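As the structure is a prediction and not an experimental result, all values here were calculated from the model. Order of the sequence lines fixes the chain letters, A, B, ..., with proteins taken first and strands second; residue numbering starts at 1 for each chain.
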2 protein chains.
Amino acid sequence: MRRVTLEEVARVAGVSRATASRVVNGASTVDEALRHAVERAISSTGYLPNIAARSLVTRRADAIGLLLPDERRMLGDPHLASVVSGVTGVVRPLGVHLVLMMTGPGTREQALSDLRCGRLDGVILVHTYPSDPVPRQLIAEGLPVVLAGRPLDPMPITYVDVDQTAGAALAGRRLKSLRCGKIATITGPQDTPAGQDRLTGFMAEVPDAVVVHGDFTRQSGAAAMEQLLRCCPDVDGVFIASDLMANGAIPVLHRGGRKVPDDVAVVGFDDSTAALTSEPELTTVRQPISDMAAEMARQLLRQITKPRSPVTSVVFEPSLVVRESG
Amino acid sequence: MRRVTLEEVARVAGVSRATASRVVNGASTVDEALRHAVERAISSTGYLPNIAARSLVTRRADAIGLLLPDERRMLGDPHLASVVSGVTGVVRPLGVHLVLMMTGPGTREQALSDLRCGRLDGVILVHTYPSDPVPRQLIAEGLPVVLAGRPLDPMPITYVDVDQTAGAALAGRRLKSLRCGKIATITGPQDTPAGQDRLTGFMAEVPDAVVVHGDFTRQSGAAAMEQLLRCCPDVDGVFIASDLMANGAIPVLHRGGRKVPDDVAVVGFDDSTAALTSEPELTTVRQPISDMAAEMARQLLRQITKPRSPVTSVVFEPSLVVRESG
DNA sequence: GAAGGGCGTGAGAGCGCTCTCCCAATCCTG
DNA sequence: CAGGATTGGGAGAGCGCTCTCACGCCCTTC
């Protein structure tokens, strides 16, 4: 079975290859009659443009990469699906492919060379770790890139994030409005912007809060809560900097004989699926992940279309989702 | 900044483009001295092959698609990440891209035309719904495709699945060995092969089990458990056909005053992350999702390399993971 | 009625690569 | 040492598309 080429469509329509190409690409300078002839020829032959050939001359791959952190952390990340659907929602209608890449040995390098050899038009980088060299390399080479989340060190790069500080403040205000007297927080890792901002935002609202550190994992949430109950048994309100940690912490509270929210109110962060699998369901700070992902896609597309366009990061407003836990 | 071409590498190395190409593609018939010259030229110029040009002549896109079901169901699917990592693990080292596609309006058609126009070499289809026309279209056109999970209607298509029946039997045997007297099951949707097989496999082992239907969602698990407690309050062992449903069902059990596993033993299916977020943690039937995904990738790659090769489906053995719930 | 300006069309030159010839050089064999 | 076999390298023809450029044609405009 042979593939139909533009040449063939042109022959059937009785026009030149150039005109057929114009119709395929929606140029406006084609006579109505000829346009119809070409369109008929396209549908009668079942023509589909060969992307490789087009790509060769336009120097666009019409594909972008989504570079995810190492597998272990990602496997538990309930955000992933929302990110993917937000990005594809923007990108698919434009015929742009979304290529998924996980950080493994050498994979970040892979993505870089895919970008350099024109196989990918740009990448969205999720969760770069501190001191990750990739973002800097990308901006140095002028390659289109958008970061999910503000980078730890300031650099001239487009990112999309939620206002973490404001979100944590929301949580603080909620606990205060619940008339909690002894308030604590379980933090995220302090070498990440999100971890830092959620702490500072919360402390600004509740300056005398007890601070226990976690690292965003479920296990660390459980461990931190054990520590908290030991050092501060009269706590009656906790802001836990991720739903996943809250998910690990709440059973510890139960085992410690506390009822949630009656004895201890709990507010999480993320509004991930973990918020719904908790018992009771989590009051949490919502990040509009899907919208943010869509915005990342739009920003990336803009950079691809207009290279070296100015850096314009976007910060979304978080909101409080009140459920049962606090 | 200009891109380096093969032509340039050849000039620097003092050979023809053909020889340079041979070195790049690892042909064995190149003299050691020349090979080294070319390799030096490649690294000194920073040459990277242009994929579009290569693709144009080899007629391979070196990209495969992962076609996922509609977003709503997928968002809650904890398997996704394992599937992705299993597939990329096989496919990336070979330089093959994984393109993620979600079923939206017209997206399945998109995937088909991507396949037809050579933009994708093959697809992995996850969760086709009953009477989905896409699998048949694909096999009719001889396009490489692998199904995740046995199709409902038998058709000559390669699929990878776990032995659902055997897995459910494992669950049944576990509950019997726990000396449960009154055993029940909450099923998956009976219009899916997994839903059917998990029921029949379980019933073969526990013929007198009480049957309540669910549809694999958390909500349906909760609803089914309420129904079960009403119609059969003395139940002391339940096989729930998905961890997600078990996740919804266990709180209902608690609210009904039953302790898990003391009063009611619970066994789930999937060994998804939902099994770990349950309280207590779920005893469940494990499907080696990541291995299965890797196998799907291998099968697909084989089909791409050797078109029209015979259909060879692979069925994996499930295993029982004993945790706290039963 | 001639000159000027659009506008739509076709010819053709690539884009960067692979791969099929074909030729030259080397090797073996009798 | 001649003949054939074998091997490595080069020339060049595409792969299917886009896009520039130049050429008609028709519609103005004085």
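Look at A/N25 and you'll find a side-chain N or O under 4.0 angstrom from OP1 or OP2 of D/dT18. The phosphate of C/dT18 has neither OP1 nor OP2 within less than 4.0 Å of any side-chain N or O from B/T58. For D/dG16, the OP1/OP2 oxygens have a side-chain nitrogen or oxygen of B/R59 closer than 4.0 Å. A close approach under 4.0 Å does occur between a side-chain nitrogen or oxygen of B/T19 and OP1 or OP2 of D/dG10.
DNA chain C is contacted by both A/A53 and A/S16; A/S16 maps to the nucleotide lying nearer its 5′ end (nearest heavy atom per residue). For B/L56 and A/R54, each mapped to the nucleotide of DNA chain D holding its nearest heavy atom, the one lying further toward the 5' end belongs to B/L56.
Set against C/dC17, D/dG8, C/dT9, the side chain of B/R17 has C/dC17 as its closest nucleotide. Listed nucleotides: C/dG12, C/dT18, C/dC15. Nearest to the side chain of A/V57: C/dC15. Relative to the side chain of A/A18, the nucleotides C/dC17, D/dC19, D/dG10 differ in distance, and D/dC19 lies closest. Closest contact between the side chain of B/L34 and the listed nucleotides C/dC19, D/dG9, C/dG16 involves D/dG9.
For the pair B/E7 CD and D/dG10 P, the interatomic distance rounds to 12 Å; values are reported in whole Å. The CD atom of A/E8 sits 12 Å away from the C1' atom of D/dG16 (whole-angstrom rounding). Here the P atom of nucleotide C/dT9 and the CD atom of A/E32 are 10 Å apart, to the nearest Å. Rounded to an integer number of Å, the gap from B/D62 CG to C/dT18 C1' is 14 Å. Between the CZ atom of B/R60 and the P atom of C/dC17 there is a distance of 18 Å, given to the nearest Å. The distance between atom CG of B/L48 and atom P of C/dC17, rounded to the nearest whole Å, is 10 Å. The distance from atom CG of B/N50 to atom P of D/dC17 is 17 Å, rounded to the nearest whole Å. The separation between B/R11 atom CZ and D/dG10 atom C1' is 17 Å, rounded to whole Å.
Using a 4.0 Å heavy-atom cutoff across all strands shown, B/R22 reaches at least one base atom of the nucleic acid. At the heavy-atom level, B/V30 lies under 4.0 Å from the strands shown only through sugar-phosphate atoms.
With hydrogens and angles left out, the side-chain atoms of B/T158 and B/R302 include no donor and acceptor closer than 3.5 Å.
Taking 4.0 Å as the cut-off between side-chain N and carboxylate O, A/R60 and A/D121 count as a salt-bridged pair. Ion pair A/D31/A/R22 not flagged as a salt bridge, since none of the NZ, NE, NH1 or NH2 atoms sits closer than 4.0 Å to an Asp/Glu carboxylate oxygen.
Across all their heavy atoms, A/L6 and A/A20 have their closest contact at CD2-CB, 3.4 Å.
Counting heavy atoms from C-beta outward, A/E295 and A/F316 have side chains that approach closer than 4.5 Å.
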